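Structure, as structure tokens:
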Amino acid sequence: MSGPSFISEKSNVFLVFLFLPALFLGALSLPVSAIGTPSAAFGSPDWLPVPTSSPVSSAYSMKTYIEGFLDVNATDDRVNDLAGSTTLLGSASPFASGGRKISASDSPLVFKGLIADPIMRSGYLEEERYYLYAKSQYDSSNSLVKAKNPQMAYEATFTNPIPVCSKNSPLNVSCPDAYRTSTHRMAIKLLGADWLILGMDNFDSTSALNGQAVLTLGKEYSYNARLQIGGVIKGPNGAYAKLFSVSYGGNRSSDFKVSFGIYDSTNRLVDSTTLGPNSEYNQNGFILRVNQVLPGMVRLPSFAGPLKFGYVQASVLSDKLSLQQSSSVNSDNSNWRVNLVGGGPAFGASLARVQLVLSVASDLMPGDSLPFLFKPTLLKFTYNGLESVPTDTLSFSTGVQSFQTSATDTQTVDQHYVLVQSSLPVAFWFGNQTTQATNSFYYIVGNNSAGKATRGTVFYRDSTTGNFVKYVDSSATVDSFGQIQDNYVIYAGPSKSVRMQFHLTSNANLIMVPEFLTDVENPQKMGAFLFDVRDSGSNPQI
């Protein structure tokens, strides 16, 4: 009889990180110190480089067997390590996961490094982690191997936690603006890109933050630390803002007011606005943020001399995210849930982790992708399906003959056998010796123990002499009847080497084909294929 065709390779689930423009923080030129007092109540110190665009073009790939799991076990062991969990970060501990974790040690696409507060000149170690889960499963309705029940999660961790207020008493109330981290134009990494911290509202001194806690982030498109009257700052799609005036109406920094005109790409004035420090315009698809108005360049009431117009520190944002505890990210990302973790009582009101979990996803067919956040799309998880690899057809046939091991061998007792043949010129090794490799061998299944063969013996032909060579693997066992209990042959297919096992039972011979070989006629059937070979007395039957 002829056996099935076996594919000697895995099915592939690929994680592909596709970077849209991502911002990377420049290196610091001064040492990072512990939290102290602000180096400047207004303005931006010159020692912190402005982030610059530095896209990474690469991908991180992973593979599973058919009917295997893409989960925490990097070696596919067929065990579902996410069993009992509904989401990747849904276990009792918010930091544990049954999903495959991709960290900075796995791929350069994942960030781990120092982030800095440019006003406080303090640093925090941030580390990103991506979690993925899926099952490679054959779908008989469309004859495809799909990625079933894909799940994704992300977290960014901070050591030490980032404080809401960098003053000695880190409370969310009665904190001067100059000490609020959200006023410091501090950037963290989120999904591989730089995002400014614009707000840390309703944070408390616990690890499990309350449901009103909101972390507001902005992706900076352009920045000008010294914008003068008449100057412009550009936004996406050719739009821009022009600074009309700077005014001062009191004796506090918050009394500065600046007015802007908002223009489209055709230089048409579409709107105007007046803003103060740490305030924002967000209309007409344009997000303008005034960070600071620098003093010393504007005549104060006690100053003499002509009026000197001030400078404005301003940013234009391309995107904003307001991440509220235990809520959806936003209407564009309704299936992505937020979990914010605080630093706890030892650190006060602070941020220790940002976690995002994709709670609902449809099965993926080959070529389908799931992005980490649907808008803005930053990174993607793509399922590529079965890899195109060489295949080998193994055939199994039965017969009866004698096996002479030399030119002078007079053994003529016929033995019942199963002949295993490969379509490859060299496929089987004996004793792990490539010098003995052939494309076929005989496995003795009969109970007749006459001659040089016993049940469980393997024979292969010597390509030089044409004689048969008797083979019993060194790890095989022999029972009390002299029968070979567990013999092995090394199958060296197109991509790797594994052992084919032959095991005897009381009334049958079991031929076990390694699990990475797939029956293409029944690809949903995986595992060790068992061929029950019975000796009928005249000819064995499979």
Side-chain angles (χ1 to χ4, degrees), residues 35 85-97 99 101 111 115 117 120 122-131 151-177 179-191 194-219 278 319-359 372-373:
I35 291 177
S85 297
T86 55
T87 62
L88 289 182
L89 297 172
S91 56
S93 168
F95 314 141
S97 172
K101 181 176 73 173
F111 176 77
I115 58 173
D117 183 327
M120 299 308 301
S122 54
Y124 307 89
L125 179 64
E126 179 181 355
E127 183 175 2
E128 292 185 299
R129 299 184 184 99
Y130 297 84
Y131 297 90
Q151 296 185 33
M152 303 159 62
Y154 165 86
E155 70 175 353
T157 66
F158 305 97
T159 310
N160 290 325
I162 299 172
V164 171
C165 179
S166 52
K167 201 171 174 62
N168 291 334
S169 179
L171 302 177
N172 196 27
V173 295
S174 65
C175 179
D177 282 349
Y179 288 90
R180 288 186 179 274
T181 300
S182 58
T183 68
H184 294 174
R185 193 172 166 268
M186 178 180 174
I188 66 171
K189 291 289 185 187
L190 184 78
L191 297 166
D194 282 337
W195 292 77
L196 300 180
I197 296 178
L198 305 180
M200 300 175 70
D201 300 319
N202 302 315
F203 276 59
D204 54 35
S205 299
T206 64
S207 296
L209 296 176
N210 68 86
Q212 301 304 310
V214 179
L215 174 67
T216 304
L217 303 173
K219 180 183 275 287
N278 299 310
D319 287 292
K320 278 188 68 177
L321 289 174
S322 292
L323 304 178
Q324 183 169 351
Q325 175 72 308
S326 302
S327 299
S328 298
V329 170
N330 53 29
S331 59
D332 293 319
N333 301 282
S334 59
N335 287 337
W336 280 94
R337 305 289 294 183
V338 176
N339 185 42
L340 303 176
V341 181
F347 295 96
S350 57
L351 176 67
R353 296 176 187 253
V354 178
Q355 297 179 319
L356 305 174
V357 181
L358 180 62
S359 56
F372 280 87
L373 294 191

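Note that the structure is a prediction, hence the values are computed from the model and not measured.
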Quick check: do [X] and [Y] have side-chain heavy atoms less than 4.5 Å from each other?
| X | Y | result |
| --- | --- | --- |
| Phe158 | Val354 | yes |
| Asn339 | Leu89 | no |
| Asp319 | Trp195 | yes |
| Leu215 | Phe203 | yes |

[atom1]-[atom2] distance between [X] and [Y], expressed to the nearest 0.5 angstrom:
| X | Y | atom1 | atom2 | value |
| --- | --- | --- | --- | --- |
| Leu356 | Asn335 | CG | CG | 13.0 Å |
| Asp117 | His184 | CG | NE2 | 5.5 Å |
| Tyr131 | Gln151 | OH | CD | 14.0 Å |

### Query
Please walk me through it: do Ile162 and Met186 pass side chain to side chain contact (heavy atoms under 4.5 Å, CB included)?
CA-CA 10 Å; Ile162 299 172; Met186 178 180 174; 3.8 Å; yes
Whether [X] side chain and [Y] backbone form a donor-acceptor pair below 3.5 Å:
| X | Y | answer |
| --- | --- | --- |
| Gln325 | Leu209 | yes |
| Ser350 | Pro161 | no |
| Gln324 | Gly211 | yes |
| Glu126 | Ile188 | no |
| Thr183 | Asp177 | yes |
| Glu128 | Phe111 | yes |
| Ser328 | Ser334 | yes |

#### Entry: Member of Leu217, Thr216, Val214 meeting the side chain to side chain contact (heavy atoms under 4.5 Å, CB included) criterion with Leu323
Leu217
## Note on the structure
The single option from Ile197, Leu198, Asn202 that satisfies side chain to side chain contact (heavy atoms under 4.5 Å, CB included) with Met200 is Ile197
### Chi angles and distances behind the side chain to side chain contact (heavy atoms under 4.5 Å, CB included) call for Arg129, Ser97
CA-CA 11 Å; Arg129 299 184 184 99; Ser97 172; over 6 Å; no
### Message
List the residues meeting side chain to side chain contact (heavy atoms under 4.5 Å, CB included) with Asn333, not counting sequence neighbours, and say none if there are none.
### Response
Val329, Asn330, Trp336, Leu373, Phe374
### Query
Among pairs that include at least one residue of residues 340-359, which meet salt bridge (Lys or Arg N to Asp or Glu O under 4.0 Å), considering only residues two or more places apart or in two chains?
Glu155-Arg353
#### Entry: Tyr154 to Leu190 - nearest heavy-atom pair and separation
OH-CA, 3.4 Å
### Summary
Smallest heavy-atom separation, Tyr124 atom then Asn160 atom, equals CD2-O, 3.1 Å
### Task
Would you please test Asp194 and Lys219 for salt bridge (Lys or Arg N to Asp or Glu O under 4.0 Å) and show each step?
CA-CA 7 Å; Asp194 282 337; Lys219 180 183 275 287; over 6 Å; no
